[in-house]
Visitor: 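My questions will all concern the structure given below.
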Amino acid sequence: MTEEVLQGSLRLLGTVLAVQANFYRVQLDVTDTEMRRHRDRGAINLSTSLRLPVTESPTPPLLLCTRRTRLKKIGQQVIVGDRVLVEEPDWAGKRGAIADVLPRQNQLDRPAIANVNQILLVFAVADPPLEPYQLSRFLVKAESTGLDVVLCLNKSDLITTQQQNQINEYLISWGYQPSFISVYKSINIDKLSIRLKDKITVVAGPSGVGKSSLINALIPSINLRVGEISGKLARGRHTTRHVELFDLPSGGLLADTPGFNQPDLDCSPEELAVYFPEARQRLAVARCRFSDCLHRDEPDCAVRGDWERYQHYLEFLEEAIARQSQLNQQADPESTIKVKTKGKGKQKYEPKLESKKYRQKSRRTQLQELQELYRESEE
Ligand SMILES: Nc1nc2c(ncn2[C@@H]2O[C@H](COP(=O)(O)OP(=O)(O)OP(=O)(O)O)[C@@H](O)[C@H]2O)c(=O)[nH]1
Ligand SMILES: [Mg+2]
Ligand SMILES: [Zn+2]
């Protein structure tokens, strides 16, 4: 059978690993071996499921693809993580054309990645020191995506078993079960790779905790930059500008993200509580008197209490309210929200605490689902 015959009839499914200018690096689901087998039969079995690429050795073929004009016309973007239909594969030139994008299961915005299964949140137990407030912020941010959160604490080589047990107990009270790892001493790296198998995982966490080191340990062939500041200083370099999915040797894909120390929380005041496992647990067994309770000083509140992170909740809530007021003000210039100027030129928004103000629904379907779940549990 000739290549032309093949090229005319083939439509293949793959995953976008990277976007480079107007080209998309697509990893096909089929392996070279499968391909040859199917080629001999004259067809490739096209599966339209959203399953991850089949990972047999040798590795699946990579094609550099363009986006069909039709997709450009309808404004269909293609982002990393997208499941795409590839037409006209040119095996020799390793080229192809993306003809369609399958519906996304979800989408993260910064960085833009589709169909993510979980977030691997990496912190260090020391160097930089583990700061509860910062960790809490990252956890809430990660929870607000609606994805599973895997919490890893790196550099466990720097503390004693006793210290480790203390941290562990502390975080269990927050509703998390951290994995203590050490890239240096190869502690629990194998266990972690089992949790990453056949999934799309995004690695997040502050600068300097060992995210790139960890990815290098999991995928020895990629050799990411380690020990460099990948934040502002390195803007424009590979590490910050590009989002890329890397192939895990035992199956699955992993994306590194540049470390940043204070993620913005962008959820609404009403949904904030469900991003705390402790609050979720409380709401599962009792309910607040008011369905729009913000769990501050409302009577008969099921969430307010003496749990460790309640203070964090209150702080994040203030932020969420301030942001919401700002958004409402932008949308409604006639708004009665006063803008007070506080020393050093900082603007402080004084929100009117009407629940209507917070009704603005999140655009992300996942969040809506979460909110609905939350409301259902209240009703
Ligand atoms: N003690 C110890 N140090 C580690 C370990 N893993 C990484 N490091 C060191 O921690 C420093 C930061 O590592 P990176 O992998 O660059 O950290 P990162 O999270 O990617 O940082 P950014 O790219 O800035 O976000 C480097 O000096 C590493 O050698 C570990 O398990 N134990
Ligand atoms: Mg890094
Ligand atoms: Zn309440």
Visitor: Within the distance-only criterion (no hydrogens, no angle test), does the side chain of N117 pair as donor or acceptor with the backbone N or O of I200 below 3.5 angstrom?
Guide: yes
Visitor: Using the rule ring pair (Phe, Tyr, Trp, His ring centres under 6.0 Å), only one of Y176, F123, F316, Y275 pairs with F138; which is it?
Guide: F123
Visitor: Which atom pair, heavy atoms only, marks the closest approach of D29 to R83?
Guide: OD2-NH2, 2.8 Å
Visitor: Does any part of the side chain of T201, heavy atoms only, come nearer than 4.5 Å to the side chain of V150, both counted from C-beta?
Guide: no
Visitor: Look only at the side chain of K141 and the backbone of D264, and say whether a donor-acceptor pair between them is shorter than 3.5 Å.
Guide: yes
Visitor: Can E88 and R68 be counted as an ion pair, charged N to O under 4.0 angstrom?
Guide: yes
Visitor: For atom CD of Q163, decide whether the heavy atoms of other residues, nucleotides or ligands shown that lie under 6.0 angstrom number more than 12.
Guide: yes
Visitor: Over all heavy atoms of both residues, which pair between I113 and A255 is shortest? Give the atoms and the distance, please.
Guide: CD1-CB, 3.7 Å
Visitor: For the CD atom on Q20, are there more than 12 heavy atoms of other groups (residues, nucleotides or ligands in this structure) within a distance under 6.0 Å?
Guide: yes
Visitor: Calculate, to the nearest 0.5 Å, the distance between atoms NZ and CG belonging to K199 and L253 respectively.
Guide: 13.0 Å
Visitor: Decide if atom NZ of K185 counts as having more than 12 heavy atoms of other residues, nucleotides or ligands within a radius under 6.0 Å.
Guide: no
Visitor: Rounded to the nearest 0.5 Å, what separates atom CG in L196 from atom CG in L218?
Guide: 6.0 Å
Visitor: Working note: N106 + L108, criterion side chain to side chain contact (heavy atoms under 4.5 Å, CB included); need CA distance, chi angles, decisive distance, verdict.
Guide: CA-CA 7 Å; N106 57 51; L108 293 183; 5.6 Å; no
Visitor: Is there a side chain to side chain contact (heavy atoms under 4.5 Å, CB included) between L151 and Q177 once you walk through the steps?
Guide: CA-CA 7 Å; L151 177 59; Q177 281 181 313; over 6 Å; no
Visitor: Would you say the side chain of W174 lies within less than 4.5 Å of the side chain of S136, judging by non-hydrogen atoms?
Guide: yes
Visitor: Okay, side chain of Q330, backbone of L327: is any donor-acceptor separation there less than 3.5 Å?
Guide: no
Visitor: Between N154 and V209 (side chain of the first, backbone of the second, donor and acceptor by atom type, cut-off under 3.5 Å), is there such a pair?
Guide: yes
Visitor: Without swapping roles, check the side chain of K211 against the backbone of G205 for a donor-acceptor pair under 3.5 Å.
Guide: yes
Visitor: Between the side chains of E278 and Y313, is a donor N or O closer than 3.5 angstrom to an acceptor N or O?
Guide: no
Visitor: Please evaluate residues E308 and Y170 with respect to the criterion side chain to side chain contact (heavy atoms under 4.5 Å, CB included), reporting the C-alpha separation (whole Å), side-chain torsions for both, the decisive distance (0.1 Å), and the verdict.
Guide: CA-CA 9 Å; E308 166 83 26; Y170 187 71; 2.7 Å; yes
Visitor: Donor-acceptor pair, distance only, cut-off 3.5 Å: does the side chain of D148 make one with the backbone of Q118?
Guide: no
Visitor: Say whether, by atom type as modelled, one donor and one acceptor occur between the side chain of R67 and the main chain of Q76 under 3.5 angstrom.
Guide: yes
Visitor: Checking the side chain of R323 only, and the main-chain atoms of C267 only, is there a donor and an acceptor separated by less than 3.5 Å?
Guide: yes
Visitor: Is there a donor in the side chain of S212 and an acceptor in the side chain of D256, or the other way round, less than 3.5 Å apart?
Guide: yes
Visitor: So, R304 side chain and R296 main chain: donor-acceptor pair closer than 3.5 Å or not?
Guide: yes
Visitor: Could you walk me through whether V19 and I79 pass side chain to side chain contact (heavy atoms under 4.5 Å, CB included), step by step?
Guide: CA-CA 7 Å; V19 180; I79 62 173; 5.5 Å; no
